[in-house]
Every structure is written in C-alpha cells, then in structure tokens.
Amino acid sequence: MSRLIVVSNRVTPQQAESGSSQGGLSMAISAALREYSGIWFGWSGNSTPEWTGELNEQNVGGVTVTTVDLEEQDIEEYYNGYANRTLWPLFHYRIDLTAYERSYGSGYARVNARFADVLAPLIKPDDIIWVQDYHLIPLGRELRERGIRNAIGFFLHIPWPARELVVTLPRHRQLVESLFYYDVIGFQTQEWRNAFVAYVLYEASGMAMTDGQVRAFGRTVIPKAFPIGIDARSFRALLDEPAAKESYARMIESKAGRKMLLGVDRLDYSKGIEERIHAYDRLLADRPELRGETFLLQISTETRSQVETYQDMMARLDALSGRINGAYAEMDWVPVRNVHRMHTRDELAGVYRAADVMLVTPLRDGMNLVAKEFVAAQDEADPGVLILSRFAGAMQQMREALIVNPFSQEDMADAINRALAMPRGERQRRWRALMDGVEKEDVVSWRDSFVSCLEEARDADRRPRDGRVMPAEEALGSRPIA
Ligand code: ADQ
C-alpha cells in the first residue's frame, strides 16, 4: 500500500481518544494517518531567529510527525498575514476586512517554497501526497518544480468564494493557476466546487470536461466535493467518559429547569456569534415570558490573537453580552453566559448533550463540525434541536435542521421559538435523519473517498482520456439551496 503524506500548516496529532481539546481538522487527519502508514508534515508552531530547515521527527500515537520551525518574519507575513488577513476574510466574503500587502504575498510564496525544499527529499516514488487548506495552495506547484511526479491532492477546508470576490485579490490568476499542479482539488460542497469551476471557465478561459476534469493554463485537474465529517462513533463514545458525565450533570443542575440555547465556536467573525446574541436579545425583548425561562451559553475560544480584528471581536462580544445581562438579569438568572475557555472534547460532548437548542449560525463556513458533534451527542429519547445557517457547508447535508438566515434577527428569533416549542416526536424524527447522515458521511468516508479519487486520478493519467467538453450550464449545474 502507498504511504500517505499529509501536509498542513499546523500539525497537532491527537494524543488520546479523550481528554484532548483538538479541533475537527486534527481529529480527521489523525484518523487518516493511523490507517495508512505515512507522515504528517507541517509547521511546528515555533519560531526560530533564522530559517534552518531542520526537521523534527516524532512518533505521536502511531503517527509519524515531522515539523519545521519558521522565522518570525515568515509567521507574520505568511500565517498572520496572507493566510489570516488576506485569504481567510476574502474566502469568507469579508472583503472589508481583507488586507492586500505585497509583503504578505511574498512571505506566503517563500514559506511554501521552503516547505517544498525540506519535504521533497522525504517523498518516495509510491507516496500519495495530500495537502490541506488555504495556507498551502502553491505547495503542489513548488513540489512539481522540484521534480515530484507523485499523485498530489489538495483539500480546501473553507469556502471557495464567488469569482467576483476572487478577482479582487492581486495576482489571483497566479493563485488559481497553482491549483492546476494538483491532480485532485477537494471542496467541502458542490457549491464551492462550482464557484471554482465558474472562475476557471469565465476568468481563465478554461473548459469543463465530461469526465470531471477541468482544463486551463495548459493543465488539467479534477475539482470535486468531499464533505468532511466527524468520527461519529468515537465522539458518541466520549459521553461515557467521566469528564463528559460530569459536565453534563453540572449543566443539568445549573439549568435549574430552564431551556439552554448553546453556541460553541472558535472566536471568529465568520461564525456569526454577535449576530446570534443580537437575535437572542431581540427574542427577549419581543417575548418577555421567555425571560427567566431560557438562557444562552456561548462558548467561544480565542484564536489568532495576533490579528487585530480578533482582539476587537473579543471586546465587542464581552460588551454586548454585558449590555444584555445588564438590561435583563435577575438575582437568580443571567440571560447570556459568555465563556472563553477551551474545553476538552469530553467536556464539550457533555455540554452538547445538555443543550435544548444548538445555534450553529455562521455567516459563511466551509463545513462546520460543531453541528455534527452536537447531533452525535444527543439522547435519542429526547434530542435537542439544531438551528443551522444556510451559509454553512454543513447545511447541504443537514437539511432536517431548522435552516436560518443568520443575517436576519427575526428569522433567527422565529427559529428559536419554533425549536423551543417543538414536540418530542418531531425532534426525534429530525434527529434520526440527521444522525444517519452524520454516521454515514463520517471522517472515514471523507478520507477514503478523497484518497481513492487521488489514486484513480494517478492511474488514469497513465491512460488516454476520452472526455469531451461540457457546456458551462451543465458543468455548473447544482441543486438549488434552501
Ligand atoms: P473551524 O473554523 O475551526 O474549521 P469547525 O468545523 O466548527 O470550525 O471546527 C471547530 C472545532 O473546534 C470543533 O471540533 C469544535 O469541537 C472545536 N471547538 C470549538 N470551540 C471549542 C472549545 N471552546 N473547546 C474545545 N473545542 C472547541 C475549519 C473550517 C470549517 C470546517 C473545518 C474542518 O472553517 O468550516 O468544518 O475546518 O474542515
């Protein structure tokens, strides 16, 4: 069997099944690498005064992990700069927050070239290489330029935006062209895949072929949707851990018979946290009888604290919840519990289970694994209700949730009302359908379908192709949403 080499910006292998607080991506990658022998390569998270390219190799929980340190300037220009101040906001439709600095672009190119320099010598002829996310778009091209002929795939965890937004990026053609050095490009949804193909057809004079490839820049690539999932069985099993039982019991006690609305997010403007709190404020204003009967627990963990937009957000969030609490709180009731702590996965599982209504209302999100974790943690006999934004990739698979427009406070308040009043039979029916999807389209099926597609692409390259050109409408045809 071929080895699998996974490359991602940060490398955070899962140490143990429980007790850790790692997010969706690292869980997914650890699961993939335990199955295949291989390497997980990326930035150590540490800085060094000068780039040395020295590799640090460790075995963590059966996974070979190889990391490299970056210079301060690399971290500032590549990670805080181009990745998190340019691509992240732009790809989440926040053109107002997008910074276009030339130094960011050159830092991004430099780090991708440095990664390729140290990674290329580790690659054996039969290895399959799988590059993760927007930090590393040019890596495939850099590897090809160093003579690597192996199958190389790329997976984008965040949305691919409409082409009208992509073209605001200086040197956007160069960025898109570099994606054509991969064999397969994976997207979370058909919608993001189609947005990419639309760019290729209309901005790069490309062609879509009947065999699933697209052609442009004198090269071909397969763009395809591979919706990421969670390890549903292991997540559910966390509920048996003492920490999960304890956090569940603690929440049930502190609910004191009230209904709990829950939000769990990385602190990020794309997650719609402020909009969600505003909607709850509106609900309390419009329906005074709900005061004292419900509360919102919002758990938002700080990330990317080096980027100013994120620092401002924390302050705004605290001020907003403080204002609402000041207006409505009673001696024995506080409407918004605003928590910034990081929790372990077992603790989180217990909190999800204690929730009556889960609010997953991002303004734009590649997928959103919190929605899937919530479903996996529910009690079949008395499940909570999921309220899900139509702008999360997860909505494409989770249509039995209450789908909302997070830009409309009224729409969100209506959905919360409906969720609070939903009869148990309907909650069970919706949950069953959601759970079937979460179990079936899990992280294993995500990994296997991506890796097989990459293997097929490699094998097909050795045969002549018989694809024909497809008309654009057909190439871009998608199911209407919501
Ligand atoms: P993220 O933007 O990080 O991921 P998401 O998919 O919701 O978003 O994953 C967040 C993860 O962090 C979840 O596993 C959650 O349990 C965990 N988490 C959040 N708050 C936490 C807390 N306080 N304590 C502990 N854990 C916490 C990116 C994309 C998503 C895409 C994923 C995977 O932005 O759209 O779903 O990658 O592809």
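Quick caveat: nothing in here was measured; it's all calculated off a predicted structure. First listed ligand is number 1; within each ligand, the first listed atom is number 1.
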query: For H92 and ligand 1, does the shortest N/O to N/O distance drop below 3.5 Å?
result: no
- prompt: Are W88 and D268 linked by a side-chain donor-acceptor pair shorter than 3.5 Å?
  reply: yes
- request: Show your reasoning for whether side chain to side chain contact (heavy atoms under 4.5 Å, CB included) applies to L156 and F154.
  value: CA-CA 7 Å; L156 185 68; F154 176 81; 3.9 Å; yes
- request: Could you list the atoms of ligand 1 found under 4.0 angstrom from a heavy atom of R266?
  value: 1 (P), 2 (O), 3 (O)
Any N or O of M367 closer than 3.5 Å to N or O of ligand 1: yes
Interfacing atoms of ligand 1 (cut-off 4.0 Å, heavy-atom, I299): 23 (N)
message: Within ligand 1, which atoms have a heavy atom of V264 less than 4.0 Å away?
response: 19 (C), 20 (N)
- line: Counting from 1 in the order shown, the ligand 1 atoms closer than 4.0 Å to a non-hydrogen atom of G366 are 35 (O)
field: Within 45° cone of F295 ring axis and under 6.0 Å: R337 NZ or CZ
entry: yes
query: Which atoms of ligand 1 have any heavy atom of V370 under 4.0 Å away?
result: 7 (O), 15 (C)
- prompt: F91 and Y134: aromatic ring centres closer than 6.0 Å?
  reply: no
query: Atoms of ligand 1 less than 4.0 Å from R345 heavy atoms?
result: 14 (O), 16 (O)
I'd like a table of donor-acceptor pairs (distance under 3.5 Å, sequence neighbours excluded) in which one partner is a side-chain atom from residues 351-361, with atom names and distances.
from: Y352; atom 1: OH; to: E373; atom 2: OE1; distance (Å): 2.7
from: R353; atom 1: NH1; to: A377; atom 2: O; distance (Å): 3.1
from: R353; atom 1: NH1; to: Q378; atom 2: O; distance (Å): 3.4
from: D356; atom 1: OD2; to: K255; atom 2: NZ; distance (Å): 2.9
from: D356; atom 1: OD2; to: M260; atom 2: N; distance (Å): 2.8
from: T361; atom 1: OG1; to: R276; atom 2: NE; distance (Å): 2.8
from: T361; atom 1: OG1; to: R276; atom 2: NH2; distance (Å): 3.3

- request: Assess E347 for proximity to ligand 1: is some non-hydrogen atom of it under 4.0 Å away?
  value: no
I228-ligand 1 polar pair, N/O distance under 3.5 Å: no
task: Measure from atom 18 (N) of ligand 1 to every heavy atom in V443, L267, I230, L348 and give the option owning the shortest one.
output: L348
statement: If we number the atoms of ligand 1 from 1 as shown, the ones under 4.0 Å from a heavy atom of Y352 are 16 (O)
- prompt: So which of H343, K271, Q188, E373 gets nearest to atom 8 (O) of ligand 1, if we judge by its closest heavy atom?
  reply: K271
query: Under 4.0 angstrom from ligand 1, any heavy atom of W446?
result: no
Modelled atom types, side-chain donor and acceptor of D69 and S44, under 3.5 Å: yes
task: Run through V7, I123, N150, N112 and flag the one making a side chain to side chain contact (heavy atoms under 4.5 Å, CB included) with L143.
output: I123
- prompt: Going by heavy atoms, is W88 under 4.0 Å from ligand 1?
  reply: yes
Test: D74 and R110 ion pair at under 4.0 Å: yes
message: Taking E101 first and then R85, would you say they form a salt bridge - that is, a charged N and a carboxylate O separated by under 4.0 Å?
response: no
- prompt: Going by the salt bridge (charged side-chain N to carboxylate O under 4.0 Å, His left out) test, which pairs reach into residues 380-389, not counting sequence neighbours?
  reply: E380-R432, D382-R427
- request: May I ask you to list the atoms of ligand 1 that are less than 4.0 angstrom from any heavy atom of R341?
  value: 23 (N)
